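Some notes on the structure that comes next.
Counting convention: from 1, in listed order, for ligands and their atoms alike. This is a predicted model, so every value here is computed, not measured.
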Amino acid sequence: MRLLALENLSKVYHKNTRSETHVLENCSFELNKGDILVISGESGSGKSTFLNITGLLDKVYDGEYTIRGQAVKKLNNNQLAILRNEMFGIVFQDYVLVEHASAYENIIIPLYYSKKYKRKERRHRIREIAQTLKIEDILDKSVSQLSGGQRQRVAIARALINDPDVLLLDEPTSALNPDLALDILKFILSFGQKHHKTIVLVTHDTQTLPNVFNKHYQLIQGKMTLS
Ligand SMILES: Nc1ncnc2c1ncn2[C@@H]1O[C@H](COP(=O)(O)OP(=O)(O)OP(=O)(O)O)[C@@H](O)[C@H]1O
Ligand SMILES: [Mg+2]
């Protein structure tokens with residue numbers, strides 16, 4: 001089943017009237033339910049830009065974006081926010097956590113805007129995910145006191161907590177040591193497969209990836225090519 005499609009996507013960043021950066025140029029991309037795919041490309045090739053657009057965080061682009069057959073451009077900000085929260089779990093490259101709040105408070109944010117889980121289930125769910133990610137002991141700590149690897153796992157927990165259909169992962173294990181990184185990546189992938197999730201993993205390191213990806217896109221000079 002087709003979940004989403006981007007057609008002729010182009011993105012230009014305007015610094016000022018004289019300087020602009022063309023990042024994506026006429027990219028086309030589609031995502032079907034259950035896809036587990038990887039996007040690689042050099043630093044600066046536009047991977048994060050692409051994920052921001054796909055995850056409904058950036059509305060400024062040319063091209064057609066449809067989700068479940070519906071044109072994204074026709075949705076207002078409120079509809080976009082609801083759709084984003086229900087459909088996408090996003091792990092940002094730089095985590096984007098609330099610094100002064102605890103790990104627990106960060107992880108639970110998507111549940112405030114969702115009716116998926118009752119109060120009791122929430123507590124259980126958060127404990128279970130935290131245990132698997134080995135962060136159960138730091139849940140009460142302020143994010144400002146956490147290490148990079150701990151922050152990254154808090155970001156992963158927040159992306160999983162609301163049981164989204166699509167996981168958008170931007171270098172999700174880059175701050176972890178290689179063994180833990182592989183463990184956590186395997187956990188995310190097996191969790192995804194078990195629950196029929198759709199996963200888009202952005203990485204520049206395709207050497208150590210587990211062998212479960214069914215598509216590999218490469219972003220080269222603004223173009224998305226299937227390799
Ligand atoms: N907000 C912005 N304003 C202007 N230029 C930007 C902005 N964000 C990104 N860029 C530029 O767009 C290009 C693509 O950036 P992007 O972050 O998408 O690359 P990336 O593939 O994710 O790189 P990395 O692997 O280093 O994370 C880069 O040249 C970057 O400098
Ligand atoms: Mg990036």
Please list, in number order, the atoms of ligand 1 under 4.0 Å from a heavy atom of Glu42.
21 (O)

Have a look at ligand 1 and work out which part of Val23, if any, has a heavy atom under 4.0 Å from it: side chain, backbone, both or neither.
side chain

Flag if over 12 foreign heavy atoms under 6.0 Å of CD, Gln221
no

For atom 30 (C) of ligand 1, is some protein heavy-atom partner under 4.0 Å away?
no

Any N/O/S atom, side chain or main chain, of Gln93 closer to the Mg ion (ligand 2) than 2.8 Å?
yes

Tell me, please, if Ser48 has any N/O/S atom, main chain or side chain, under 2.8 Å from the Mg ion (ligand 2)?
yes

Should you measure from each heavy atom of Ser43, which atoms of ligand 1 turn up under 4.0 Å away?
23 (O), 24 (P), 25 (O), 26 (O)

Output the list of atoms in ligand 1 that are nearer than 4.0 Å to some heavy atom of Thr49, sorted by atom number.
14 (C), 15 (O), 16 (P), 18 (O)

What residue among Lys215, Arg2, Lys197 forms salt bridge (Lys or Arg N to Asp or Glu O under 4.0 Å) with Asp35?
Lys215

Might you point out which heavy atoms bring Asp58 and Val60 nearest each other, and give the distance in Å?
OD1-N, 2.9 Å

Near Gln93 (heavy-atom distance under 4.0 Å), the atoms of ligand 1 are 24 (P), 27 (O)

Taking the six-membered ring of Tyr61 as reference, does the NZ or CZ atom of Lys73 fall below 6.0 Å from its centre and within a 45° cone about the axis?
yes

Looking at Glu105, is its backbone amide N or carbonyl O close enough to the side chain of Ser102 to form a donor-acceptor pair, meaning the two atoms are under 3.5 Å apart?
yes

Does an N or O anywhere in His204 fall below 3.5 Å from an N or O of ligand 1?
no

Return the minimal non-hydrogen interatomic distance between Pro110 and Asn85, and the atom names on each side.
O-ND2, 3.0 Å

Does this structure show an ion pair linking Arg151 with Asp94, if we count only N-O contacts that are shorter than 4.0 Å?
no

Considering non-hydrogen atoms of the protein only, which is the closest contact for atom 17 (O) of ligand 1, and what is the distance?
Ser48 CB, 3.8 Å

Please determine if Gly44 has a nitrogen or oxygen closer than 3.5 Å to a nitrogen or oxygen of ligand 1.
yes

Give a yes/no on ligand 1: does Gly46 have at least one heavy atom closer than 4.0 angstrom to it?
yes

Is the backbone of Asp62 close enough, under 3.5 Å, to the side chain of Ser10 for a donor and an acceptor to pair up by distance?
no

Evaluate the ring planes of Phe29 and Phe50, with Trp represented by its six-membered ring, and classify them as parallel (under 30°), tilted (30 to 60°) or perpendicular (over 60°).
perpendicular

Please list the nearest protein heavy atom to atom 9 (C) of ligand 1 with its residue and the distance rounded to 0.1 Å.
Tyr13 CE1, 3.4 Å

Just by distance, no angles: are the side chains of His204 and Glu42 close enough, under 3.5 Å, to form a donor-acceptor pair?
no

Does His14 come within less than 4.0 angstrom of ligand 1, counting non-hydrogen atoms of the residue?
no

Looking at atom 25 (O) of ligand 1, what's its closest protein heavy atom, distance included?
Lys47 NZ, 2.7 Å

